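One structure is given here, and the rest of the page talks about it.
Predicted model only: the values in this text are computed from it and were never measured. Numbered from 1 within each chain, the chains take letters A, B, ... in sequence-line order. In what follows, every heavy atom counts, from backbone to side chain, and hydrogens, waters and symmetry copies are set aside.
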Number of protein chains: 2
Amino acid sequence: MARNSQDTKLRILKAANRLFYSDGIRAVSVDAIAEKAGITKKTLYYHFKSKDDLVAEYLMSRDQPNLDAMRKWFDEVDGSVAEKVYAIFDGVVQSSKHPNWRGCGFLRTAGELANMPGHPAIKAGAAHKKRFEGWLAEVFVEHELKNSSGLARQVVLLLDGSFAVMMVHHDSAYIEEAGLAAKQLVEASS
Amino acid sequence: MARNSQDTKLRILKAANRLFYSDGIRAVSVDAIAEKAGITKKTLYYHFKSKDDLVAEYLMSRDQPNLDAMRKWFDEVDGSVAEKVYAIFDGVVQSSKHPNWRGCGFLRTAGELANMPGHPAIKAGAAHKKRFEGWLAEVFVEHELKNSSGLARQVVLLLDGSFAVMMVHHDSAYIEEAGLAAKQLVEASS
DNA sequence: AAAAAGAAACTCACTGATGAGTATACAAAG
DNA sequence: CTTTGTATACTCATCAGTGAGTTTCTTTTT
C-alpha cells in the first residue's frame with residue numbers, strides 16, 4: 001500500500017468512476033467506494049470534502065477523456081464533414097456494445113440531481129457539454145458551414161437524444177438513426 | 001378520511017407522482033410519500049407491493065396524460081405537418097417555464113435505474129416512448145411523408161435530446177433549436 | 001549523522017439518522 | 001362475524017460523516 005497521496009486519491013477517483021457510472025450516484029455508498037478503492041472511509045474523507053465533492057470530481061475527471069474520444073472518432077475518418085459527424089455516432093454505437101456501457105454519465109448524473117440545480121456536478125456536466133458544443137461549432141466554422149452554432153446545437157441534441165433513448169430502449173439502431181439525421185442536417189448546411 | 005380503497009390508492013399515486021418527479025426515485029423515501037398522501041406507510045404497502053411496484057405504477061399513470069399533451073399541441077395548430085411537429089417542441093418550451101418542471105420523468109427514471117435493466121419502471125418508460133413514436137409514425141404515414149418510421153425516430157431523438165440537454169443547461173433555446181431541426185427534417189421528407 | 005518534532009496519510013470503531021419493509025392490533029362495512 | 005382498510009410501533013440494514021488514535025514521511029535541531 002503506497003502511502004502516496006496522489007496515488008490514493010486517483011485510486012479513489014477510479015473506484016468512484018466505476019461505481020457511480022455503473023450504478024448511479026445515490027445508489028452507491030461512500031462505504032462501497034472506499035472498499036473498492038481498498039482504503040477506509042475516513043481516508044476517503046481525508047481526500048474529499050464530501051460525497052457531493054467526490055461526485056463533482058468524478059465528472060470533472062471524465063471531461064477530457066470523453067472529449068478526446070469524440071475528436072478521435074471525428075478525426076480518424078476521411079470524408080466530408082457530414083461523414084465525420086456521422087463517425088461520432090458510429091463511435092458511440094461501437095461503445096454501446098460494451099457490457100459496461102451505461103450511456104452518458106454526465107446526463108445520468110444531471111438527471112439524478114435534477115432537484116439540486118446548483119450542484120457542482122451539474123455545473124461540471126454543463127461545462128463538458130458546452131466544451132463539446134463549442135468544439136463542434138468551431139469545426140463547422142472551419143469547414144465554412146452555414147449556421148455553424150445552430151448546427152452544432154442540433155448535432156448535440158441528436159447525440160444526447162441517442163443517450164437518452166438508449167437508457168430506455170437499449171437499441172443502437174436509434175443512435176444510427178440520429179447519426180443519419182445529423183449527417184443530413186450537416187449536408188443541408190454545406 | 002374516506003374509507004375508499006380506490007380513492008386512497010389514487011392519493012398515494014398522486015403523492016408519489018409529485019415527489020418522484022420532483023426529486024427522483026432513490027431520493028424519495030416511502031415514508032415521505034406516505035406522509036404526503038396523509039396515510040401511514042403500512043397503508044401504502046397495503047395498496048402497493050413494494051417501492052419498485054409504486055415506481056412502475058407512477059410511470060404507467062403518466063403514459064396517457066403525457067401522450068395526450070403531445071397530441072393536443074400537435075392538433076391545436078393549423079399548418080403543415082412540419083409546423084405541427086414544431087408545435088410539440090413549442091409546447092415543451094412553454095411547459096419548461098413552470099418552476100416545477102423537471103424534464104421527462106420517464107427518461108430521468110430510466111437513467112437512475114440504468115443498472116436494473118429489467119425493472120418494470122423501465123419497461124413502462126419503453127412502452128410509453130414506443131407509443132409516442134408509433135403515433136408519430138402513423139401521423140406521418142397519414143400525411144404521406146417519405147420514410148415515416150425513420151422520421152418519427154428522428155423527431156423522438158430530438159425531443160428526448162431536448163429533455164436531456166435541459167437537465168444540464170436549463171436553457172429552453174435548445175428545445176427551440178431541436179424544434180427547428182425537426183421541422184427541417186420533416187419538410188425534407190414532404 | 002542521529003534524533004526529535006511536526007505534518008501528512010491512514011485505520012478502527014463509532015454516531016445518529018434514515019432506509020425499506022413488517023407483526024400485531026383495531027376499526028369500519030357488508 | 002368476517003373481510004377490507006388503516007394505524008401504532010417496531011426490526012434490522014445501511015447511510016453520510018466523525019472522534020480518537022496510529023503509522024509513515026519530512027524537516028529541523030543538536
Side-chain angles (χ1 to χ4, degrees), chain A residues 1-59 109 112-113 115-116 118-122, chain B residues 1-59 108-109 112-116 118-122:
Chain A
M1 285 298 150
R3 212 176 180 76
N4 177 318
S5 182
Q6 210 50 34
D7 188 78
T8 304
K9 188 164 182 179
L10 266 175
R11 279 221 319 285
I12 296 169
L13 217 44
K14 201 173 161 185
N17 204 317
R18 283 238 274 244
L19 291 173
F20 282 149
Y21 179 71
S22 166
D23 296 344
I25 306 304
R26 286 195 245 247
V28 170
S29 69
V30 174
D31 294 78
I33 294 166
E35 193 189 337
K36 183 129 192 161
I39 49 137
T40 63
K41 192 160 47 163
K42 196 67 209 263
T43 301
L44 189 152
Y45 277 99
Y46 177 82
H47 291 281
F48 299 90
K49 186 169 121 279
S50 63
K51 185 182 180 180
D52 284 335
D53 188 48
L54 179 55
V55 174
E57 290 221 39
Y58 144 58
L59 284 190
T109 302
E112 208 176 332
L113 304 181
N115 62 332
M116 310 169 81
H119 195 291
I122 296 183
Chain B
M1 283 300 144
R3 210 178 178 74
N4 179 319
S5 181
Q6 210 51 32
D7 188 78
T8 305
K9 187 163 182 180
L10 266 175
R11 278 222 321 286
I12 296 168
L13 216 44
K14 200 173 161 185
N17 203 319
R18 283 239 273 246
L19 292 173
F20 282 149
Y21 178 70
S22 168
D23 296 344
I25 306 304
R26 285 194 246 246
V28 170
S29 70
V30 174
D31 293 79
I33 294 166
E35 193 190 336
K36 183 129 193 160
I39 48 132
T40 62
K41 194 159 49 162
K42 192 65 214 256
T43 299
L44 189 153
Y45 277 100
Y46 178 81
H47 291 281
F48 299 91
K49 186 168 120 278
S50 63
K51 184 181 182 183
D52 284 336
D53 188 49
L54 178 55
V55 174
E57 290 220 40
Y58 144 58
L59 283 190
R108 279 176 50 223
T109 303
E112 208 176 331
L113 305 181
N115 62 332
M116 310 169 80
H119 195 291
I122 296 184

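- Straight-line distance from the CZ atom of B/Phe48 to the C1' atom of C/dT22: 18 Å, rounded to whole Å.
- Of the candidates D/dG17, C/dC12, D/dT6, the closest approach to any side-chain atom of A/Thr40 belongs to C/dC12.
- Other residues, nucleotides and ligands contribute at most 12 non-hydrogen atoms within 6.0 Å of the CZ atom of A/Arg18.
- The CD-C1' distance, from B/Glu35 to D/dA7, rounds to 15 Å in whole Å.
- For the pair B/Ser29 and C/dT18, the criterion of a side-chain N or O lying under 4.0 Å from OP1 or OP2 is not met.
- Atom OH in A/Tyr45 sits about 20 Å away from atom C1' in D/dG21, given to the nearest Å.
- The base of D/dA16 lies close enough to the side chain of A/Lys41 for a donor and an acceptor atom to sit less than 3.5 Å apart.
- As rounded to whole Å, 4 Å separates atom P of C/dA20 from atom NZ of B/Lys51.
- When each of B/Thr43 and A/Asp52 is assigned the nucleotide of DNA chain D bearing its nearest heavy atom, the one mapping closer to the 5' terminus is B/Thr43.
- For A/Leu44 and D/dC15, the CG to P distance is 14 Å, given to the nearest whole Å.
- Note: CG (A/Leu19) to C1' (D/dT14) measures 16 Å, nearest angstrom.
- Across all strands shown, A/Lys42 has heavy atoms under 4.0 Å from base atoms, whether or not it also approaches the sugar-phosphate.
- Taking 4.0 angstrom as the limit, B/Tyr46 places a side-chain polar atom (N or O) nearer than this to OP1 or OP2 of D/dG5.
- Contact between A/Ala37 and A/Ile12 at its shortest, heavy atoms only, is CB-CA, 3.9 Å.
- You'll find that the side chain of B/Ile39 is closest to D/dA7, out of D/dA16, D/dA7, C/dC10.
- Residues A/Leu44 and A/Thr40 are not in side-chain contact: their nearest non-hydrogen atoms beyond the backbone lie 4.5 Å or more apart.
- A straight line from CD1 of A/Ile33 to P of D/dC15 spans 11 Å, rounded to a whole angstrom.
- Taking side-chain N and O atoms only, A/Thr8 has a distance below 4.0 Å to OP1 or OP2 of C/dC10.
- Because its NZ or CZ atom is both nearer than 6.0 Å to the ring centre of B/Tyr21 and within 45° of the ring axis, B/Arg108 counts as a cation-pi partner of that residue.
- The side chain of A/His47 has C/dC10 as its nearest neighbour among D/dT18, C/dA20, C/dC10.
- Counting to the nearest Å, the P atom of D/dC15 and the CZ atom of B/Arg26 are 12 Å from each other.
- In this structure, A/Lys9 satisfies the cation-pi test against A/Phe48, with its NZ or CZ atom closer than 6.0 Å to the six-membered ring centre and inside 45 degrees of the ring normal.
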